[in-house]
Amino acid sequence: MSDEGDRLTELAKRRGFFNQTAEAYGGVAGFYTYGPQGAALKDNVEAAWRDRYVTREGHMEINAPTIMPEPVFEASSHLETFTDMLVECAECGESHRADHLVEDHPDSAVEDAEALPNEEVADLIAEYGVACPTCGAALAEEPVEDFNLMFETNIGPGSSSPGYLRPETAQGIFVDFPQWAEYARNQLPFGVAQIGRAYRNEISPRKSIIRVREFTQAELEHFVDPDEDEPPLERVEDVVIPLYSVSQQEADDGGVQEMTVREAVDEGVIDSDWLAYYLGLSKEWYERIGVDMGRFRYRQHLSGELSHYASECWDAEGELGGDWVELTGFATRGTYDLDKHAEYTGEEFSVFQQYDEPVTVERPTVDPEMSYLGPEFGGAAGDIVDELESLAARDPDAFDGETVTVEVDGDSHEIPVEQTGFAVEEVTESGEHVRPHIIEPSFGVGRLVYTVLAHSYEEDEVDGEERTRLAMPPEIAPTTVGVFPLMDKDGLGERARELASELREAGLEVTYDDSGAIGRRYRRQDEVGTPFCVTVDYETLEEATVTVRERDSTEQTRVSLSELAETLRGLRDGDVAFGEL
Ligand code: ATP
């Protein structure tokens, strides 16, 4: 791991952000537990996400199970395609991500080996002479194979009903789409969001919480009518976004291009207006939660890298320890998932859109004469009927002549039109079924937590003493205020403990600390990112005021007790700046 990674992992464990789970049992790779600071930070990131992507956008949020039966993942194609490239060392038996070994090799200029076919990755392993990171044996002769990342389980006793832990929260939204469509009164566009656990049996989990086997996703599935609905682009059109497009990635001297959302759309750098909208909206949101915009970019997927369902995809990436890491995937999923679930269930995975007024349309129908088709075509008669029905719908002119020809299993059959019962009926329709397109921003909450920690980490000097501080936004910080008595005597400790409880009752996250010198107590809070500290001193007892100290500037000011809770809430929510007090 990088120096940054080592520093953060040490801090995270020592100060209760996160640690490897069950270390007493030796730990299990890819599983981490969030401690008190980490769980609070993660909650705050989720709350900020909900505020932005659910509440302010007017979407609905649901909560689906994490296990679903096999047919769901057959339909979604995860059983077949949700794989990573595996190479196994014949010497020590250790498994590795083949694409990562290629990308990480010092001679390699390949940035995205995942986009290459397995054989090409195997060739690159041989060409670079890649060795097993565990035992050093050569991997040149080993095959690169697909490994499915889903965790399998049995639903109920026995093995007759296999199920899988969901690899993304999204399928829980798609499988019940008919519910959400009804709830939204069949009015497009609408969005369904979910924050919850996802599971992937990663081949080689690494970089602490960045690549784990159980993690939290925050996903939004926005269902839109591609012909009618447009995003409110004007809300974000002036936001400048750093884009690393396919053409920039392929150019020899290509780098990130900074442009406004409007320019990116007008110049065709981003094809989908909806994706452009979400990139603009999200850029502001990442800034809000403390992602350093100097270490951030949007990278477009190369064509070989696109998921089985996506036509355009951009990843928000953060620079962490010298590597670019995907924080969020923004994809156009088209109708892929709803098509597949409709096909597998036979249910209507669409919205019924009512016309303003009923319309009369001509509908070609067939009513084949089975007393003719049965004896004439035997076992093929049923398939011929199906084919006649579908032909009538897609090409009614084919029934213009004396006979009509249908293909069944590669055989051509000529049928007299009079035996097909072909007719064109006039029907009145009150609306139509529309299968919406899906726009998906998919955030990994753990990677955001890690990025906020890494990007807010600072070391500086205060009063000749070194300090570590997490300069994260007050809204996101696990604790908003540290309350200290100047000394634990003369009633100061008692008053400070009372004040801590009053502030908690007022809805603030408070920590109380009376141990050690006041400077040490400040350092302790700086190190976990607490933006404000309040000190109860003798003046507090006499004049009902306290000192409020700001983490980043270390400046202090006095605030009256009667206004303290209100002031701290304003500082946390960004309604007032410390300098204005
Ligand atoms: P990667 O290429 O890094 O494996 P991905 O492209 O498979 O990621 P997506 O399927 O787009 O990821 O998932 C959406 C988000 O979920 C990612 O942007 C990431 O933040 C998060 N995520 C995916 N896999 C993991 C993991 N193993 N550990 C932690 N977070 C993850």
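When a ligand or atom number is given, it counts from 1 through the structure's own listing order. We use all heavy atoms of the structure for the numbers below, so side chains are in, but hydrogens, waters and symmetry mates are not.
At least one N/O-N/O distance between Leu327 and ligand 1 falls below 3.5 Å. Considering backbone and side-chain N/O atoms, Val212 comes within less than 3.5 Å of an N/O atom of ligand 1.
A donor and an acceptor atom, one from each side chain of Thr451 and Tyr286, are nowhere located under 3.5 Å apart. Between the side chains of Tyr277 and Arg235, at least one donor N or O lies within less than 3.5 Å of an accepting N or O. For the residue pair Glu509/Asn44, the side-chain donor-acceptor check at 3.5 Å is not satisfied.
Taking every non-hydrogen atom of Thr328 and a distance limit under 4.0 Å, the qualifying atoms of ligand 1 come out as 18 (O). Taking every heavy atom of Gln217 and a limit of under 4.0 angstrom, the matching atoms of ligand 1 come to 13 (O), 14 (C), 15 (C), 16 (O). The Gly329 neighbourhood of ligand 1 comprises atoms 18 (O), with distances under 4.0 Å to a heavy atom of that residue.
For atom 29 (C) of ligand 1, the nearest non-hydrogen atom of the protein is Ile210 O, 3.2 Å. Regarding atom 22 (N) of ligand 1, its nearest protein heavy-atom neighbour is Phe215 CE1, 3.4 Å. Closest to atom 2 (O) of ligand 1 among all protein heavy atoms lies Glu326 OE1, 3.8 Å. In terms of protein heavy-atom proximity, atom 21 (C) of ligand 1 is nearest to Gly444 CA, 3.6 Å. When only non-hydrogen protein atoms are considered, atom 15 (C) of ligand 1 lies nearest to Ser442 O, 3.7 Å.
Here the CD1-CD distance, from Ile62 to Gln194, works out to 4.5 Å after rounding to the nearest 0.5 Å.
Not a single heavy atom of Asp315 sits closer than 4.0 Å to an atom of ligand 1. The closest approach between any non-hydrogen atom of Glu168 and ligand 1 is not below 4.0 Å.
Judged by distance alone, with hydrogens and angles left aside, the side-chain atoms of Lys283 form no donor-acceptor pair with the main-chain N or O of Val239 at under 3.5 Å.
Trp324 does not carry Arg299 over the face of its six-membered ring by the limits of under 6.0 Å from the centre and within 45° of the normal.
Taking a cutoff of 4.0 Å between a charged side-chain nitrogen and a carboxylate oxygen, Glu80 and Lys340 do not qualify as a salt bridge. A salt bridge is defined here as a Lys NZ or Arg NE, NH1 or NH2 lying under 4.0 Å from an Asp or Glu carboxylate O, and Glu475 with Arg288 meets this definition.
Residue Arg447 holds the heavy atom nearest to atom 25 (C) of ligand 1 of all those in Arg200, Arg213, Arg211, Arg447.
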Before giving the answer on side-chain contact (heavy atoms from CB on, under 4.5 Å), spell out for Glu312 and Gln300 the whole-Å C-alpha distance, their side-chain angles and the decisive distance to 0.1 Å.
-> CA-CA 8 Å; Glu312 186 180 9; Gln300 187 174 20; 4.0 Å; yes
